Structures are given as C-alpha cells and as structure tokens.
Protein chains: 2
Amino acid sequence: MPSVLSSRDKILDVGESLFARRGYAGVGMREVAQLSGLGKSSLFHHFRGKGQLYAEVRIRTLKRIRDALAPFLTLETAPLEALEEGMCALIDSFAEHPTSARLLLRGLVEEEIFSGESPPELEEAEQILAELLDDLSELIERGVKAGELRAVAVPDTMQSLIGLVAYHFASGAMGERILGEALFSSSAVRRRKREVVNFIREGLRAPRSDRDEEREDPT
Amino acid sequence: MPSVLSSRDKILDVGESLFARRGYAGVGMREVAQLSGLGKSSLFHHFRGKGQLYAEVRIRTLKRIRDALAPFLTLETAPLEALEEGMCALIDSFAEHPTSARLLLRGLVEEEIFSGESPPELEEAEQILAELLDDLSELIERGVKAGELRAVAVPDTMQSLIGLVAYHFASGAMGERILGEALFSSSAVRRRKREVVNFIREGLRAPRSDRDEEREDPT
DNA sequence: TTCCGGATCGACCGGTCGGTCGGGTGATGC
DNA sequence: GCATCACCCGACCGACCGGTCGATCCGGAA
C-alpha cells in the first residue's frame, strides 16, 4: 500500500466523487483528469473509456458495501439480531465513505445510462449487487420463518430497507436542511444509526406474544 | 382542457419522462424536441432554456405531490392516522404518475447540476418542497408530543420516511428484479402500500402501555 | 550503454451540446 | 388589404464531448 496513491487509484477516487455528485452523464473526462492531476489522455491509458471507469468505480463501492455486510449474512446469528447489526455496519460503512450511498442509490435508480452498448465490467457490478440483495433477502426470509420478524412480504421489505438506510446518506442539501446539521458529522451519524435501527426493529419484529401465529396469505 | 395537449404541455410531459429516467445532464434538447414532435428551436419559444424546462418539470411534479398530501397535513386528524393515510395518498400519487418518485428523489439527491447560475424557477420548486417537508415535520412532531408516536428524532424520521416511501417507486430494473414483478402493476402497488404502511405504523407508533412515559434524552 | 515498456502529454478528430437567428405560416383584429 | 402576433422551423454558432495518435519521459533489465 503506497503512501501516495497510484494514478489509477487517484483516478478512481476522483471519478467516484464526481459520479456520486453529478451522475454518469454529468461528469466529463477533462474534469476527472484535471482533479486527478493528469492529462486527459492519461486516463485512457488506465481505462478503456468513460464507461469502464464508471463500472470500476461502481465495482469498488459495491465490494466495500458487500465486505461491510458479509459478516452478518452468515447463518450463525439470529436473523433479527443479524439484521440490526448488519444495518449498523452498513451505516458505518456509508459514514466512512460518504459517496457510497449515493453511488449505490444511483445505480439502483438510474437507467438507460449508456446510449450504445454498456461496458462488460458493469455486469460484474450488477452481479455483486444481485448476490448481496439475494443474501439479504434470505436473511429476512429466515427471520420471518423463525417467527422473529412479522409476516412481511420479503421483496417489498428488501426495498423498504434499501430506501430507508441508503437515502439517509445520499440526501444532499435538502437533507442537511431537514437535519439542520452536516450530513456526516459524527453526532448526526450516531443519532441516525440509533433512529434507523430502532425503526427497523420496531417495524419488522414480531409482536411479543406472537410466537407461532400463522401468517395471513390472502393471495 | 383541450383533448390534444398544447405544445407546452407536451414538452413538459416529454421532459418529465426523460429527466426522470436519465437526469438533467443525460437529456438533450434535440431528443426532447423529437419526442415532442417539434423542431428544437420551438422548445426555446416556450422555455428560456433547458434549465427552465427542468425547473418547470420539477415544479409540476412537486405540486402534484403537495396536492396529494395536503388534505392530511391539516390539524383535524390524529397524527398517526393522518400520517398513515397521507402516505397512502402519496403512494397512490406515485403509482398514478410513475415519474414522480424518481424526479423527487433525484431532486433530493442530486447536487451541482448547473455549472453556471441556476434558473430562478428552481427556487420556487425548492420552496414548494421545503414547505411540504416542514408541514410533514410538524405532523410528526405533533404525533410525538401527543404520545401517539414513539419518542423519535423528528428530522431523522422525516428522512427515513422519504427514503422508505419514495425509493419503492424510483427503483429501476434492480427493483423489478427484487420484486419479480413490474414496479407499477396494480397488484405490486397494492401490496407495497400495505407493507409500507404497516412498516411505518409498527415502526413509529408508541407502545400500547406507554401513554405518559417520559422520553430518554441522553445528549 | 542500450533497449524496452509503462506512463504521461499536447495536439487533434468527428460529433454533439445548448442556444441563436431570420424567416415562414396562419389565425385574428381592424 | 394589412399589421400583428404566437408559433414553428432549418441553418448555423462556438463550446465542449469522448476518444485517438505520435512523441516524450523514465526506471529497470540486458
């Protein structure tokens, strides 16, 4: 690990910051080059093009998120506890890398980014994300079956969790206006973590005297 | 109300659809013109430029959201009930206008869209949004003080609600992958509404035997 | 010393961007 | 008949876009 970043890592850092703030179409390679302290041509030595740079940035952030979540997606912990601690770890990861949540949310919301064909690296990113979401789904599923969680619809609950957790760290100026505080100040992050975890626990756990109640299934 | 849309409305419709899908920077005026069935120059007869078109689109969608929510932001209903019914109405509005949630979320997440100065109309949009969020904050505040809601931190809960509700209708292909179903099919919308409202009710309401318990305040 | 290949750069390319301009067209009022 | 006006268009502009090319620099292996 060099104390000064390699040019490639520097480009990835700059790209991550810019793509998170302005989205794929809003970022120009000239700006990436300038903020990286390189000539524009040099970018194309390290990456095949803008599309690959974007894909590599997404892969890096998704791997960061996966690594933060992985310890809690095993079968060793009780589902509700694993869910709570996993979300805590996720929030810590978002707080440590302020661009992650935005980039994640962008990747989930954005569509039709590439006019022609998309770079092959993007599929790797999609796969990392898909596996992560599948593992998380499985965790919720286990929680419901074990009776720790309410009889929620698993896919919709997945979506709820994503929006609930990620948006907090992706909201921009309006979010700070609502909070009346910097989005990533340590006090704000601590409070947010408590509030989100409480929300999830109260919102999803099964009522106390609800051990072996059968689920409603009105399909 | 003419049965055929005026050119201005047609442009707004096309712009709304495109901006929601690809963001401000990802949309070109040529494309807006073509999909509107007009020459590019004609757009500049109805709007001062791309920036104003974007601002007008945002204003229109924000007003739609405000109108859907307004009936439940009065002081006449019990806060928790008003919150639940308001979120229901919001979801109905999102379902009716599939671009609204994306555009809302984009406006909240996006930053530094305009390189130069931003069009004055954007301030009107920001103000509509700010008022809406203030009213919603007040509703939650009342709910907490009335003891109907848990002793949550109001701003963070605001953020939670935004992410929780809006993301469901803004998620793209990956959202449909998770659901295994079209995002706006009537059955998916119905199920989602039930799940979200349940999540909010269970997550925010005060425990039954918790009438006049004092809040913890460990600051 | 020579050579080589990674890294960097400035100059340049075709194409697209938002926006302008001048003119055309068809209703409306006089 | 004529001026006015909203509306619409094709042609055009300078700026910027992503990307290419050939030259140069430089550290390490031979």
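This one's a predicted model, so the numbers in the text were calculated from it and none came from an experiment. Proteins come first, then strands; the chains are lettered A, B, ... in the order of their sequence lines, and each starts at number 1.
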Enquirer: Side chains of A/E181 and A/S187 only: does a donor on one sit below 3.5 Å from an acceptor on the other?
Expert: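 Result is yes, a qualifying pair exists.
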
Enquirer: Check B/R58 with B/E110, please: is the shortest side-chain N to carboxylate O separation under 4.0 Å?
Expert: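 Salt bridge flag = no for B/R58 with B/E110.
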
Enquirer: For A/L104 and A/A166, which heavy atoms make the closest approach, and how far apart are they?
Expert: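 Looking at all heavy atoms of both residues, the closest pair is CD2-CB, 4.4 Å.
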
Enquirer: Within the 4.0 Å heavy-atom criterion, would you say B/V27 contacts the bases, only the backbone, or no part of the nucleic acid?
Expert: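 Contact class for B/V27: sugar-phosphate only.
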
Enquirer: Without decimals, in angstroms, what is the distance between B/H46 NE2 and D/dC7 P?
Expert: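 Rounded to the whole Å, the gap is 6 Å.
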
Enquirer: Once you round it to whole Å, what is the distance between P of C/dA11 and NZ of A/K40?
Expert: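 That distance rounds to 13 Å.
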
Enquirer: For the side chain of A/F44, counting heavy atoms from C-beta on, which of C/dT8, D/dC7, D/dT20 is nearest?
Expert: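 Nearest to the side-chain atoms of A/F44, counting from C-beta on, is D/dT20.
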
Enquirer: Starting at CG of B/L43 and ending at P of D/dC8, how long is that distance when rounded to a whole Å?
Expert: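 The answer, rounded to whole Å, is 10 Å.
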
Enquirer: Let me know the distance between CG of B/L38 and P of D/dG10, rounded to the nearest Å.
Expert: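 So the CG-P distance, B/L38 to D/dG10, works out to 11 Å.
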
Enquirer: Map B/G51 and A/S41 onto DNA chain C by nearest heavy atom, then report which one ends up closer to the 5' terminus.
Expert: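 Its nearest nucleotide lies further toward 5', so the answer is A/S41.
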
Enquirer: Would you mind reading off the distance between B/R48 atom CZ and C/dT20 atom P, rounded to a whole angstrom?
Expert: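 To the nearest whole Å, that distance equals 11 Å.
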
Enquirer: Given atom CG of B/D9 and atom C1' of D/dC7, what is their separation to the nearest angstrom?
Expert: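 Rounded to whole Å, this separation is 15 Å.
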
Enquirer: Quick one: do the B/E16 and B/T61 side chains pair a donor with an acceptor below 3.5 Å?
Expert: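 The answer is no; no qualifying pair exists.
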
Enquirer: Nearest whole Å is fine: how far is D/dC16 C1' from A/Q34 CD?
Expert: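 Atom-to-atom, A/Q34 to D/dC16, this comes out as 14 Å.
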
Enquirer: Report yes if at least one side-chain N or O of A/H45 is closer than 4.0 Å to OP1 or OP2 of C/dT8; otherwise report no.
Expert: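 Looking at the OP1 and OP2 atoms of C/dT8, neither is under 4.0 Å from any side-chain N or O of A/H45.
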
Enquirer: Using whole Å, report how far CZ of A/R30 lies from P of D/dC17.
Expert: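 Answer to the nearest Å: 5 Å.
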
Enquirer: So, does A/S42 get its side chain near the phosphate of C/dA7, meaning an N or O under 4.0 Å from OP1 or OP2?
Expert: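 For A/S42, the contact criterion (side-chain N or O under 4.0 Å from OP1 or OP2 of C/dA7) is not met.
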
